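What follows is a short report on a single structure.
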2 protein chains.
Amino acid sequence: MGTADGDSTPVGTRKRAARPRQGASMADVARLAGVSSQTVSRVSNGFPGVTEETRQQVMAAMRELGYRPNSAARALKRGEFRTLGVITFSLSTMGNIRTLEAIATSAAQQGYAVTLLPVAVPTQDEVNGAFSRLGELAVDAVIVIMEIHLLDAATVSLPPGVQVVVADSDAGDRYTVVDTDQVGGARDAVRHLLALGHDTVWHLAGPEDSFAAQRRAHAWRTTLTEAGRNPPPLVRGDWSAESGYRAGLRLADEQDCTAVFAANDQMALGLLRALHERGRKVPDDVSVVGFDDIAEAASFLPPLTTIHQDFAEVGRLCVEGVLSKIRRPEHDAPTGQGTTLVPTRLVLRDSTAPPPSHR
Amino acid sequence: MGTADGDSTPVGTRKRAARPRQGASMADVARLAGVSSQTVSRVSNGFPGVTEETRQQVMAAMRELGYRPNSAARALKRGEFRTLGVITFSLSTMGNIRTLEAIATSAAQQGYAVTLLPVAVPTQDEVNGAFSRLGELAVDAVIVIMEIHLLDAATVSLPPGVQVVVADSDAGDRYTVVDTDQVGGARDAVRHLLALGHDTVWHLAGPEDSFAAQRRAHAWRTTLTEAGRNPPPLVRGDWSAESGYRAGLRLADEQDCTAVFAANDQMALGLLRALHERGRKVPDDVSVVGFDDIAEAASFLPPLTTIHQDFAEVGRLCVEGVLSKIRRPEHDAPTGQGTTLVPTRLVLRDSTAPPPSHR
DNA sequence: CCAGGGCATGTTTACGTAAACATTGCGAGC
DNA sequence: GCTCGCAATGTTTACGTAAACATGCCCTGG
């Protein structure tokens, strides 16, 4: 070296022209402030051992250059991204959205960002794709909001060393799971209707391939049987209000149907419409209980009695769970397991009443 | 050096024990496959100039070690994160959610991940906080889904060099904005009701501090005036079904009110309930038009005529806009501006009919 | 009055990757 | 038969940060 003329400054500027990269680096700030880059680092991270005067100088230099730390370099050095990945299906269901929101909020409080991995179509291929993309993603851990059966075959491609918590699913034997207490909620709904004097309770279930729907339906059946009642035939919907409407048209013709437990509020909404159209009054002729307690449920016609889910708590626990996994290096050996249940709450409104025979 | 005994292998393992870092690095793969790390890099990125045989060996080594590329190092080297940041308020409104979903999907198609920056409370402080956190975030560009007035004072802390697209707002003079054609939608709603024969149209508006609400209200007033009608007093809600209900109780007492344009579907839902309770039939006595076309709107009592918003398109355009900004280095000089409007569509259902006087 | 102990700051190095440049080896053309 | 050229692979280096270690200085205590 030394043959060419330039030797001190041009190095930093030569190639920089080709790529007008976003910002100033620590070295730039250090140069302007007349300190070493390490001092800039200390200021940037709020470490002690820096004079107030020096700190001010560095801060001024940062402002002048519009310095923002390069998080790639930071992550590379620290070995963590401070980011959580969330894999979810299209955000079509209110529950997923509310859970996601709670996750994002909790994560932010812990200084973590949340990266979304949407899976457009819930096919096995898509899920696998998401998981392999995840492999290259800058995340420290993953929260999956997804029915477990779609997760199964994807397990293989789950990179080792990536901690996972699953929400809204079962399979607590293989993953750490956080979920609403589906069984308790369904039981409360059915018992409430029985306590009002109804002989039995019909069930408008969610789609067959949903474990949440399965568990609600199962708890409905069990609760009835335990109470010595005969479970009527199960009516199947697909979570949508439209499917609730179609089911409702059928239920309206069942003259001995005085109480319906709908597996979610949307289907309950459609059900209410169908019953109204067929002239069956709610709650005078038929009582209806929903599940979820979406914001609009209080404004249905009539306001819907429903099972409140605490999505915020589910989200919070997901974050807590996944972070504790990260922080304990090898505390829980394989993947960690166990299910944490979040309790539900029966919200009484105007869609339930004693059956006609009791008045 | 050379004084201590170990010199070749222990280097890689010594400190590693303290931090059981997640995975194997390129060097590890290279060692196992008996090639250089550069060759591993070539395989990893699908570059040419590698024998099929070598490629297979490397792939095998990758699988064996469970290698996943370190995206921090990759981002550091490449100078980009392939990630978009999305700043949004609590995901309470359906519109934001659907937009976010579309953004995530579009971004994924372009090979970009999406990082969520939730702002819990829409105060100026919180927004500023989000923007400064954003400064340290691993994102190449930002999409803001937010009312613009909250963005104003935050501008200062927006790091230079970070491209921004704003959805669901105005201020196309300062930012690149993608938004639903609020004016066109509101006009269509009002004109539809006038065409049915109503003398005038009442408006159940959204909160005062929402520009979307403002524009819908303004367009409502303008359309009425242009048609030579007298705009009735404006009724104010807050987007919630509950506020729609309260407003509806008041509107039900206005005997000359035969047509209402609600600024969103949730408020329309509450309105329907209030009108029903007061014995005013929809659409026979009062016609109602909503805005948004949420999934449940078709299941309201009666099914709601409403203005459909194409949130998917809004999201798609946001991603497209922000990516084109990134890719054109300094094509659009300052911040870029201009508003892209996404058209709406009137969806006819059963909540509108000619006024009683016409039958 | 000088040694020793902090404290403020500087220097070196490594994180994992990929661009740029360097080096092999082998086949074709003269 | 020898060289030129290209294809396959290896080596060096830099990206921006922060831990670990090194330095210099001032102040205190014997």
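Just so we're clear, the structure is a prediction, and the values are computed from it rather than from any experiment. All chains are named by letter (A, B, ...) in the order of the sequence lines, taking the proteins before the strands, and each is independently numbered beginning at 1.
- Atom CD of B:E52 is separated from atom C1' of D:dT9 by 16 Å (rounded to the nearest Å).
- Atom CZ of B:F47 and atom P of C:dA20 are 10 Å apart (whole Å).
- Between A:L65 atom CG and D:dG16 atom P there is a gap of 13 Å when expressed in whole angstrom units.
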Does A:I103 form a side-chain contact (heavy atoms from CB on, under 4.5 Å) with A:I145? I'd like the steps, not just the answer. CA-CA 11 Å; A:I103 289 173; A:I145 310 178; 4.0 Å; yes
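- In this model, the phosphate group of C:dA18 is approached by a side-chain N or O of B:R74 to a distance below 4.0 Å at OP1 or OP2.
- Between the OH atom of B:Y67 and the C1' atom of C:dG16 there is a distance of 8 Å, rounded to whole Å.
- Side-chain atoms of B:L76 lie closest to D:dC15 of the nucleotides D:dA18, C:dT17, D:dC15.
- Counting to the nearest Å, the P atom of C:dG16 and the CZ atom of B:F81 are 18 Å from each other.
- Within the 4.5 Å cutoff, no side-chain heavy atoms of A:Q163 are placed close to those of A:V142.
- A donor-acceptor contact closer than 3.5 angstrom is absent between the side chains of A:T83 and A:T115.
- You'll find that the side chain of A:T51 is closest to C:dT9, out of D:dC15, D:dA18, C:dT9.
- Of all nucleotides listed (D:dT17, C:dG16, C:dT9), D:dT17 comes nearest to the side chain of A:M26.
- What you find for B:D140 and B:F81 is that their closest heavy atoms are OD1-N, 2.9 Å.
- Regarding A:R78, its CZ atom lies at a distance of 17 Å from the C1' atom of C:dG16, rounded to whole Å.
- Residue A:S25 has its side chain nearest to D:dG16 when only D:dG16, D:dT9, C:dG16 are considered.
- Contact annotation: the side chain of B:T54 approaches that of B:V35 to within less than 4.5 Å [non-hydrogen atoms, C-beta and beyond].
- A distance-only check finds no donor-acceptor pair linking the side chain of B:T51 to the backbone of B:E53 [under 3.5 Å].
- Side chains of A:S44 and A:R74: a donor on one and an acceptor on the other come within 3.5 Å.
- A straight line from CG of A:N70 to C1' of C:dC15 spans 13 Å, rounded to a whole angstrom.
- What separates CD of A:E80 from P of C:dC15 is a distance of 17 Å, to the nearest Å.
- Contacts between residues 36-46 of chain A and DNA chain C, defined by a heavy-atom separation below 4.0 Å, involve A:S36, A:Q38, A:T39, A:R42, listed by number.
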